[in-house]
Amino acid sequence: MVILVPCGGRTTRETSCDCYNRSIMGNSALKAHLETAQKTGVFQLTDKGLVEFPEDLQRLSANLRTIDLSSNKIEALPPSIGKFGVLKSLTLNHNRLSRIPEEFCKLKKLETLHLSANQIARLPADFGQLSALKTLNLSGNQLRAMPTQLCSLRHLDVVDLSKNKIQAIPDEVSGVQAIEINLNQNQISQISVQVSRCPRLKVLRLEENCLELSMLPQSILSDSQISLLAVEGNLFEIKKLRDLEGYDKYMERFTATRKKFV
């Protein structure tokens, strides 16, 4: 891609690769980061105006365990991302990603994935093959539905889907293994009763959605393991929650575990 760049009183032509090299303060700076990463297994290059995933990282794909490229301008991940076989943590918050390539699903060792504040509208079909994933942050993207691929992530502990455009919690949610699900600041108006059957769910955050009290399944209170239900900022007064059947049972669970959430 060629970009027009002001230079004094005239305009010069510059390729996207030229912009990339200039944005990370020249090849010498990248070389220093790569040398450090080769020794430590950690590559961090944040807020440098990167427009693409650094191609030179490929030669470290066999030993990189952590990559942090937050606060850049990266629009896409290359198919070669699937070759980072020992990668455990990937952070790409505050970029411009709109999709995740299918090859990404080959990262069998990945445990932590942070993709907040991007433009992702859907996950790859095989996303559930990320069998080691424990923490997933997709806050601040363009998701309109709760991804059913989450049901295949057997070791998932925490999933953050806040600040998206999700309108409902579907029946498939019963297969999600997470201990905590954050759905704050979406557009949720419907919740499947199946959420009560999530086998490990302890924390459900639903603040600032579009929920009527009548749409909140009473089984969440009376017949689930949820011990922290956050529903402030919806279309009902929070004190009305106390009138629902099962509220006393919920408060017993909440009281027993509240110290963990302080």
Side-chain angles (χ1 to χ4, degrees), residues 20 23-25 29-30 32-124 126-143 147 149-150 153 155-164 178-185 205:
Y20 163 68
S23 68
I24 57 172
M25 302 171 291
L30 177 59
H33 282 281
L34 289 170
E35 288 176 352
T36 300
Q38 191 164 17
K39 296 174 184 177
T40 64
V42 177
F43 184 84
Q44 184 177 27
L45 200 59
T46 61
D47 198 18
K48 299 298 181 185
L50 300 184
V51 297
E52 59 187 29
F53 190 87
E55 185 177 351
D56 289 327
L57 280 184
Q58 290 302 317
R59 55 192 174 96
L60 300 179
S61 61
N63 68 311
L64 274 184
R65 299 185 307 276
T66 300
I67 297 175
D68 185 352
L69 294 169
S70 296
S71 301
N72 283 292
K73 301 176 182 179
I74 299 170
E75 296 184 359
L77 296 177
S80 56
I81 187 69
K83 296 180 180 179
F84 289 79
V86 297
L87 190 65
K88 288 190 173 184
S89 176
L90 177 61
T91 303
L92 285 159
N93 297 334
H94 294 276
N95 274 280
R96 298 177 179 177
L97 297 172
S98 59
R99 61 180 296 272
I100 301 172
E102 288 291 343
E103 292 82 359
F104 188 90
C105 304
K106 297 177 181 179
L107 301 177
K108 304 300 185 183
K109 299 287 183 69
L110 191 67
E111 296 180 0
T112 303
L113 177 59
H114 292 286
L115 294 171
S116 69
N118 278 279
Q119 300 166 19
I120 298 166
R122 62 181 60 86
L123 300 182
D126 292 333
F127 193 82
Q129 293 184 8
L130 297 173
S131 53
L133 197 62
K134 296 179 180 179
T135 300
L136 174 61
N137 185 351
L138 285 164
S139 175
N141 277 279
Q142 298 294 318
L143 298 173
Q149 296 95 319
L150 301 183
L153 300 172
H155 298 288
L156 190 63
D157 289 330
V158 178
V159 56
D160 188 347
L161 301 173
S162 62
K163 300 179 182 178
N164 278 278
I179 297 171
E180 176 173 346
I181 300 175
N182 187 344
L183 287 160
N184 289 348
Q185 297 181 29
R205 301 186 186 277

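Looking only at distances, no side-chain donor or acceptor of Asn63 sits under 3.5 Å from a matching main-chain atom of Gly41. Looking at Lys83, its side chain never comes within 3.5 Å of a backbone N or O of Lys106 through a donor-acceptor pair. With hydrogens and angles disregarded, a donor-acceptor distance shorter than 3.5 Å links the side chain of Asn137 to the backbone of Ser139. No donor-acceptor distance shorter than 3.5 angstrom exists from the side chain of Asn141 to the backbone of Leu143, with no hydrogens or angles considered. In this structure a side-chain-to-backbone donor-acceptor pair under 3.5 Å is missing from Asn182 to Ser162.
Within the model, atoms CG of Asp126 and CD of Glu103 stand 10.5 Å from one another, a figure rounded to the nearest 0.5 Å. With values rounded to the nearest 0.5 angstrom, Gln44 atom CD is found 11.5 Å from Ile67 atom CD1. In this structure, the separation between CG on Leu113 and NZ on Lys134 is 14.5 Å, given to the nearest 0.5 Å. Taking CD from Gln129 and NZ from Lys108, the interatomic distance works out to 4.0 Å, rounded to the nearest 0.5 Å. Once rounded to the nearest 0.5 Å, the distance linking NE2 of His33 with CD of Glu35 reads 11.0 Å. Rounding to the nearest 0.5 Å places OG of Ser89 at 15.0 Å from NZ of Lys109.
A salt bridge links Arg205 and Glu180; the closest N-O separation between the charged side-chain nitrogens and carboxylate oxygens is under 4.0 Å.
At least one side-chain heavy atom of Asn72 sits less than 4.5 Å from a side-chain heavy atom of Lys48. Counting heavy atoms from C-beta on, the side chains of Leu136 and Leu130 never come closer than 4.5 Å. Side-chain contact between Pro147 and Leu161 is present, with heavy atoms from C-beta onward closer than 4.5 Å. Looking only at side-chain heavy atoms (C-beta outward), Arg96 and Gln119 come within less than 4.5 Å of each other. Between Leu34 and Leu57 there is a side-chain heavy-atom pair separated by less than 4.5 Å. Counting heavy atoms from C-beta on, the side chains of Val159 and Leu153 never come closer than 4.5 Å. Side-chain contact between Asp160 and Ser116 is absent, with no heavy atoms from C-beta onward closer than 4.5 Å. Leu115 places a side-chain heavy atom less than 4.5 Å from the side chain of Ile100.
Closest approach of Pro54 to Leu69, counting heavy atoms only: CD-CD1, 3.8 Å. Contact record, Leu64 with Ala37: CD2-CB, 3.9 Å, taken as the closest heavy-atom pair. In plain terms, the two heavy atoms of Gln149 and Leu123 that are nearest each other are NE2-O, 3.1 Å. Listed here is the closest heavy atom pair of Leu110 and Leu90: CD1-N, 3.9 Å. The minimum heavy-atom distance between Pro101 and Pro124, with the atom names listed, is O-CG, 3.9 Å. Contact between Arg59 and Asp56 at its shortest, heavy atoms only, is CG-O, 3.2 Å.
Relative orientation of the Phe53 and Phe84 rings is perpendicular, given thresholds of 30° and 60° on the angle between their planes.
For the 3.5 Å distance criterion, the side chains of Asp68 and Ser70 qualify, holding a donor opposite an acceptor. Between the side chains of Ser71 and Thr46, no donor N or O sits under 3.5 Å from an acceptor N or O. Side-chain contact check for Asn93 and Thr91: no donor-acceptor pair (N or O, by modelled atom type) lies under 3.5 Å.
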(Q) For a side-chain contact (heavy atoms from CB on, under 4.5 Å) check, start with the C-alpha distance between Leu150 and Ile181, then their side-chain angles and the critical distance, and finish with the verdict. (A) CA-CA 11 Å; Leu150 301 183; Ile181 300 175; over 6 Å; no

